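Each chain gets a letter, A, B and so on, in the order the sequences are listed, and its residues count up from 1. Keep in mind that what you see is a predicted model, and the values were worked out from it rather than measured. Atoms considered below: every heavy atom in the structure, side chains included; atoms not considered: hydrogens, waters and symmetry mates.
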Amino acid sequence: MSPQLRSSPTPDGAAILRLERLSRSFAVGDQLVHALDGVDLDIAAGEYISLMGPSGSGKSTLLNILGLLDRPTSGEYWLAGEQTSTMSDDRLADTRQRAIGFVFQFFHLIHRMTAVENVELPLMLAGVPMAERRSRAREVLRRMGLEARIDHRSNQLSGGERQRVAIARAVVMQPRILLADEPTGNLDSVSGGEVVRIVEALHDEGLTLIVVTHDQAIGSRAHRRLLMRDGKIVQDLSG
Amino acid sequence: MKRADRHRMAFGALARTPLRTAMLLLATAIGVAAVLVLTALGEAARLYIAGEFQSLGTDLLVVMPGRTETTGAGAGMMSGATPRDITLDDARALLRSAAIETVAPVVVGESSVSVGSLERDVTIMGTTASYATIRHWTMASGEFLPDVDMERESPVCVIGSTIGRELFRGEPPVGRWLRVGDRRCRVAGLLAKQGVSVMVDVDTVVMIPVAMAQSLFNSAGLFRVLVQARSRDAMPAAKRFVLATFRARHHGEEDVTVVTQDAVLKTFDGILGALTLALAGIAAVSLLVAGVLIMNVMLVAVSQRTQEIGLLKALGARRSQVLALFLTEALYLALLGALAGVLLGFAGIWLLGGLYPDFTFRPPVWAVAGAVAISMACGMLFGILPARRAARLDPVAALARR
Ligand SMILES: Nc1ncnc2c1ncn2[C@@H]1O[C@H](COP(=O)(O)OP(=O)(O)O)[C@@H](O)[C@H]1O
Ligand SMILES: [Mg+2]
């Protein structure tokens, strides 16, 4: 866990993520598409949030900005009290590496590498020595129920197994936040259920969890449910 | 990211596309090998010529009829019309200097020579005993021309080894008679095999006393006078004396050209050095082509691996890390290509050496080092553009590409 994150003062004490009048627009041809339109949002450490809404409502755009994979056109985003708009490119990279885990709908594993090598990637980029990262990656894969698949290449794995490898990769650096963009969108209901169980178990250990989903059943399991439409959060239900 | 990991990643990426990698290695290797082989050729020519002139000795002056403004290889060598002949008396007058050890007058012409019914047209060289001393020639049998007065037409001759073999069919030629034009002479000696020396095939020459050559070709003028100084240090004094002598004997006109072997050698050296450089330049162009090829393939690699780059960035790779990763790949290509090229080049040179054993084929050290350095620099230079493109990719945009 990153020491900067724990020691950083947050504006209202509790919010680990805070968005203020956040907008993101894309130029498509000579038109501006407002994918996000003045979003305000406070998320406290340890929350479990689902993000739903029709296709094209801006869910992925929001999640990408939260994951520092994209930058807003205007507005402010504080991550653990740090203003992200002033972060340098290297600082952004380091924060992605240490503070945030990201799970994609299409897994994004590197096919020429084995499961354990894929999980090792963030550790390798962070400069963790070979022996240590191998044991850490194995340990995380074991927790995902994949000890038998450790040395399989990713194209020898089923969809559910691939997504579990991707989750292992997302949490191997022990981030405080896990962002998942339709993690079950490409899976059958059994594999999808397993993936949900795993991320909920991680949440139980203190991880702040945000899941984008189309699946009402999965979305309703979250403690706080956000509904988006046309780049705005139109509903925010808790309990 | 640890350096070993970066190298492993780069190597893994290259190994994943073996055909592409092999083509790039080949392109670089051919460029490097071309530099090596072509410079080795140029050097072989330079060394060969240098060796030829060195065999003449560095304390040698060559006097030619006719005045030329420039000195060096071209001068006098092709002089045609001469204002005034150089005579045997002129040559003898040169012996009066303390700076001059000896002189050898030379007359050259073509004539038929025959033994019995065997006849050949050969180059005839008229000279004196000093010539063999100056050229450091050795005899296979018999003696060189007798050390007598320049004016004497002793009926003797010395023959090259090929002439000896062809006209006497393996029988010992010394003591036999030979017809040269309308004269007869006794063979005094057979030259040891000399090969081609300063562009003249000595083995097919017949040498006769200079006075005999003059009357045979009916000319009083000498083609050359070789002047050997007492030492290398005596060269300037010898040259001054030669010029002063001719000025005095030719009514105040300095109508001869004096060339030192040093000057000739320097000129040839310069020309052939430039030739080697030009060859190296041509070869370097092929290296550049290899570099451009590497760049294009790396650009394709970047766009093929956009998703992977996006993923690395999403996982926290810094720009500098992605840059280093792709540069390492380009450098691997250049280094391995250069190594393969050096091997290929030396194989080619070895082959040349087998085909032409008379020449020494050795690429100059600067060419080997330069070729490797240029290919590495090309790899870096042409690798930077794709690597920067990769490093600057936006993670979300890169990931979205499918
Ligand atoms: N890179 C992009 N370029 C142009 N338009 C984009 C881009 N990314 C998203 N959009 C647009 O922004 C809107 C929101 O997209 P997105 O966040 O992917 O929606 P969701 O994930 O809710 O389906 C859509 O209208 C989409 O077309
Ligand atoms: Mg989406």
Please indicate whether [X] has more than 12 foreign heavy atoms, meaning atoms of other residues, nucleotides or ligands, lying under 6.0 Å from its [atom1].
{"X": "A:Asp230", "atom1": "CG", "result": "no"}
{"X": "A:Arg134", "atom1": "CZ", "result": "yes"}
{"X": "A:Arg142", "atom1": "CZ", "result": "yes"}
{"X": "A:Arg136", "atom1": "CZ", "result": "yes"}
{"X": "A:Gln31", "atom1": "CD", "result": "no"}
{"X": "A:Phe26", "atom1": "CZ", "result": "yes"}
{"X": "A:His214", "atom1": "NE2", "result": "yes"}
{"X": "B:Arg20", "atom1": "CZ", "result": "yes"}

Heavy-atom proximity to chain A below 4.5 Å, by part of B:Arg3: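 Contact with chain A involves no heavy atom of B:Arg3 at all.
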
Region of A:Asp90 that comes under 4.5 Å of a non-hydrogen atom in chain B: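 Both the backbone and the side chain of A:Asp90 come within 4.5 Å of chain B.
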
A:Arg71 versus chain B, the contacting section by heavy-atom distance below 4.5 Å: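 Interface part for A:Arg71: neither.
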
Per the side chain to side chain contact (heavy atoms under 4.5 Å, CB included) rule, which among A:Leu63, A:Leu69, A:Thr61 passes with B:Val396?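 So the option named by the test is A:Leu69.
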
Can you list the steps and then say if A:Leu125 with B:Gln321 is a side-chain contact (heavy atoms from CB on, under 4.5 Å)? CA-CA 8 Å; A:Leu125 290 170; B:Gln321 286 180 317; 4.0 Å; yes

Quick test of your reading of the model: are [X] and [Y] salt-bridged, counting only N-O distances below 4.0 Å?
{"X": "A:Arg112", "Y": "B:Glu308", "answer": "yes"}
{"X": "B:Asp5", "Y": "A:Arg133", "answer": "yes"}
{"X": "A:Asp94", "Y": "B:Arg318", "answer": "yes"}

To the closest 0.5 Å, what do you measure between CZ (A:Phe106) and CG (B:Leu399)?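 A:Phe106 atom CZ to B:Leu399 atom CG measures 11.5 Å (nearest 0.5 Å).
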
Nearest 0.5 Å, what's the CZ-CE distance between B:Arg16 and A:Met113?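 Here the interatomic distance stands at 8.5 Å.
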
Which residue out of A:Ile100, A:Ile110, A:Asp89 racks up the most heavy-atom pairs below 4.5 Å with chain B?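 Top option by heavy-atom pairs under 4.5 Å: A:Asp89.
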
Candidate pair A:Gln97 and B:Lys313, rule side-chain contact (heavy atoms from CB on, under 4.5 Å), full reasoning: CA-CA 9 Å; A:Gln97 182 173 81; B:Lys313 297 202 78 169; over 6 Å; no

Could you go through the side-chain contact (heavy atoms from CB on, under 4.5 Å) check for B:Lys2 and A:Met130 one step at a time? CA-CA 9 Å; B:Lys2 294 241 181 297; A:Met130 179 75 135; over 6 Å; no

B:Ala317 and A:Ala93: which non-hydrogen atoms are nearest, and at how many Å?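 Looking at all heavy atoms of both residues, the shortest contact is O-CB, 3.7 Å.
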
List the steps and the verdict of side-chain contact (heavy atoms from CB on, under 4.5 Å) for B:Leu315 and A:Phe102. CA-CA 8 Å; B:Leu315 294 179; A:Phe102 209 106; over 6 Å; no

